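See below for the structure under consideration.
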Protein chains: 2
Amino acid sequence: MVQTGMKKAITLRDIARETGVHVSTVSRALDARTQASLTAEVVERVRATAERMGYRPNRLASGLRTNRTMTVGLVIPDITNAVFPLIVRGIESVLEPLGYASIIVNTDNLSEREHRLVDLLQERGVDGVIHAAATRNDPKIVEMAARGIPMVTVNRSIEHSDIPAVVSDDARGVQMMLQYLYDQGHRRIAHLSGPAQSSTGQARRQAFVEAAQALGLELPQAAIVESARYEEDEGRRAALRLLDSGWPFTAILCANDRLALGAIAVLRARGLDCPADVSVTGFNDMPLLDLILPRLTTIRIQQFEVGKASAEILVRIMTETTPRIPRETVLPVFLVERDSVAPPRAASRRAC
Amino acid sequence: MVQTGMKKAITLRDIARETGVHVSTVSRALDARTQASLTAEVVERVRATAERMGYRPNRLASGLRTNRTMTVGLVIPDITNAVFPLIVRGIESVLEPLGYASIIVNTDNLSEREHRLVDLLQERGVDGVIHAAATRNDPKIVEMAARGIPMVTVNRSIEHSDIPAVVSDDARGVQMMLQYLYDQGHRRIAHLSGPAQSSTGQARRQAFVEAAQALGLELPQAAIVESARYEEDEGRRAALRLLDSGWPFTAILCANDRLALGAIAVLRARGLDCPADVSVTGFNDMPLLDLILPRLTTIRIQQFEVGKASAEILVRIMTETTPRIPRETVLPVFLVERDSVAPPRAASRRAC
DNA sequence: GAGGCTCGTGCAAACGATTGCGCAACTCTT
DNA sequence: AAGAGTTGCGCAATCGTTTGCACGAGCCTC
């Protein structure tokens with residue numbers, strides 16, 4: 001790279017030369033924690049010339065010396081998945097005012113990629129990591145935490161570890177939704193579950209089974225169909241399996257909005273209307289969902305708040321000497337009632 | 001922070017001690033560019049023990065020495081805006097395989113925030129910056145480029161500067177869409193323009209005016225309404241202004257999908273159907289758009305490709321000694337025909 | 001008035017990697 | 001076989017900041 005015009009940055013040394021004090025004095029004058037040990041006059045003189053010369057600290061140098069880079073890593077599966085940008089902004093809302101920068105990496109749920117990216121973060125000396133990747137257990141992450149890197153997981157917990165987790169109350173969400181369908185008169189309710197290796201997939205499925213049993217609902221084998229990914233085409237595939245099973249369900253509780261959208265598309269293709277013939281519910285309340293017809297009844301998760309809470313916890317771990325952090329922080333969820341649920345038809349609703 | 005279990009990382013010195021060579025030899029053995037000056041035996045021995053000990057280079061140290069951090073900054077307005085995640089993934093698709101990490105910052109189009117964040121990037125010694133923030137001219141950014149930091153802008157150009165830009169062929173997109181509406185029989189076509197301070201807003205508006213004149217269309221003052229932001233509620237506000245102007249338009253060409261969605265909502269509220277009463281078109285073809293009814297006819301922009309191209313250019317600027325980069329790289333756009341356009345009604349279409 | 005404070009500042013050694021330079025130990029040439 | 005050239009590696013300075021320690025000056029105390 002030919003940097004012809006590259007004028008080099010102002011350093012402590014430059015300020016020292018300019019003010020006639022030693023570089024260490026400049027350093028102390030610019031650090032709020034140490035400037036008490038200097039005379040107010042020197043502090044002010046240094047501060048003023050630093051300002052005048054446009055001094056910007058070199059974080060590489062200070063990080064090298066102190067092992068603190070004011071940089072954190074965000075490990076997420078895929079930023080194009082609409083729930084993550086909100087989480088990211090929530091995280092940023094607390095980190096950025098404190099001066100932290102975030103390196104965001106996308107794992108695509110590929111553990112090989114995740115390993116490489118975790119290395120990439122470590123090489124850059126991140127002060128902490130917020131981990132939102134979905135796979136359930138990952139030795140690399142546990143190892144990183146064991147190395148002493150402050151870490152928080154969001155939307156999932158790592159089993160057999162004491163890494164703090166921030167999660168939404170998935171179980172309560174599923175239970176609320178099932179109760180809601182029950183109250184509308186539904187008795188044969190299917191579940192399109194998420195991937196088993198994602199912790200949300202597993203948690204929601206288990207909550208579904210438990211809530212269904214608590215309500216005394218019929219729950220044949222065919223009632224639960226698992227998807228491989230949280231995507232529309234998986235929703236379609238799973239809904240087809242469900243339809244072809246022959247079980248006369250009247251509603252589908254989906255583990256995720258995108259699965260629900262896929263399911264509704266399949267129903268429509270088979271000549272079934274949602275909600276007239278089959279009620280369908282989602283989970284997450286992703287952005288723009290309220291513009292898609294039928295407007296999906298779903299469980300709203302506070303993505304931004306989840307991100308915010310996880311960042312607050314990470315900051316505590318990074319800065320407090322003996323933080324007492326709960327193993328799990330669970331945030332409430334809300335049922336948002338829209339148009340995709342109606343009472344079941346009295347007559348047989350299976351058209352074809 | 002109390003790092004009790006923090007076992008410190010392996011350094012070149014550790015490997016040197018282990019293999020019995022000097023630390024500089026280790027450094028050379030591990031660098032592909034310099035290992036030619038060593039015997040194959042030493043290189044292999046160093047490489048093997050580095051591998052065995054799990055050596056990870058300290059990028060802070062190497063960055064301090066070399067002024068290259070293998071980190072780039074991505075300046076975007078808001079990651080929750082659906083077009084940006086795709087751009088980010090496009091950028092990553094070229095940067096990540098090369099070993100670069102990305103620090104992503106959201107400016108919210110606030111220049112005060114942008115200044116702070118640009119400083120944050122500089123302090124961390126990023127090797128380059130991809131700048132996708134929307135405001136048209138920003139002295140801070142020009143100053144940064146002048147300082148010699150490699151930079152590329154996406155979706156916009158900086159006036160009076162030679163910073164390379166990657167843009168979509170907005171003008172052609174507008175022209176294609178207007179021609180399409182014309183071919184469907186529309187003659188009185190309104191334009192919901194984007195914010196004037198965004199370069200896309202300005203470019204699309206200008207293209208609209210030119211294309212309309214070329215087609216000999218009637219173009220009264222009221223035909224163009226400007227929005228303050230690319231958001232649904234601005235689309236609603238602008239559409240209301242348009243309706244209230246009394247001009248008997250038969251179609252609205254919107255500068256952006258979200259504006260179009262807002263406009264359609266207002267039409268619906270006024271008892272007008274899209275496309276039966278008024279045709280509406282979007283721009284961008286954002287994710288999930290095809291699920292929203294009526295399915296919006298729009299111009300597809302290759303977000304991923306835009307990101308990819310900008311990253312490729314940035315890499316060239318960062319690594320080549322005398323790169324010849326075109327001032328502007330323009331990527332083609334495509335008209336995607338869906339359901340929000342129909343021929344105009346012969347009769348008066350103004351219901352209320 | 002001498003010894004022991006505190007207070008403000010300078011000194012120099014880190015942090016880990018890179019790299020120009022120098023110096024042995026070779027190989028080749030004549 | 002001696003000089004010249006080459007090859008392979010070590011030495012030490014450097015990047016910019018931080019921080020334990022030392023040191024001189026002033027002050028107080030007995």
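Residue numbers start from 1 in every chain, and the chains themselves are labelled A, B, ... in the order their sequence lines are given, proteins ahead of strands. Just so we're clear, the structure is a prediction, and the values are computed from it rather than from any experiment.
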Could you tell me how far apart [X] ([atom1]) and [N] ([atom2]) are, to the nearest whole angstrom?
X     : N      : atom1 : atom2 : value
A:R33 : D:dT19 : CZ    : P     : 6 Å
A:L12 : C:dT9  : CG    : P     : 16 Å
B:L64 : D:dC15 : CG    : C1'   : 4 Å
A:H22 : C:dT9  : NE2   : P     : 13 Å
B:N67 : D:dT14 : CG    : C1'   : 12 Å
B:R59 : C:dG16 : CZ    : P     : 16 Å
B:D31 : C:dT19 : CG    : P     : 7 Å
A:I10 : D:dG16 : CD1   : C1'   : 13 Å

>> In the structure I gave you, are the side-chain heavy atoms of A:N155 and A:V167 within less than 4.5 Å of one another anywhere?
In response: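 A:N155 vs A:V167: side chains apart.
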
Any base atoms under 4.0 Å from [X], or only sugar-phosphate, or nothing? Heavy atoms, all strands.
X     : answer
B:V26 : nothing
B:S24 : base
A:S37 : base
A:T39 : sugar-phosphate
A:S27 : base

Is the phosphate of [N], meaning OP1 or OP2, less than 4.0 Å from a side-chain N or O of [X]?
X     : N      : answer
B:T66 : C:dT19 : no
B:R68 : C:dA17 : no
A:R28 : C:dG10 : no
A:Y55 : D:dT17 : yes

> Looking just at side-chain N and O atoms, do A:T71 and A:R124 make a donor-acceptor pair shorter than 3.5 Å?
Replying inline: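 No.
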
> Quick one: do the B:E123 and A:N58 side chains pair a donor with an acceptor below 3.5 Å?
Replying inline: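 No pair is found: no donor N or O on one side chain lies under 3.5 Å from an acceptor on the other.
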
> Do B:R327 side-chain atoms and B:I163 backbone N/O form a donor-acceptor pair below 3.5 Å?
Replying inline: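 It does hold such a pair.
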
> So, A:N81 side chain and A:D78 main chain: donor-acceptor pair closer than 3.5 Å or not?
Replying inline: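 No; zero donor-acceptor contacts below 3.5 Å.
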
> Which listed nucleotide (D:dG10, D:dT17, C:dA17) is nearest to the side chain of A:V23?
Replying inline: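 Within the option list, the nearest is D:dT17.
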
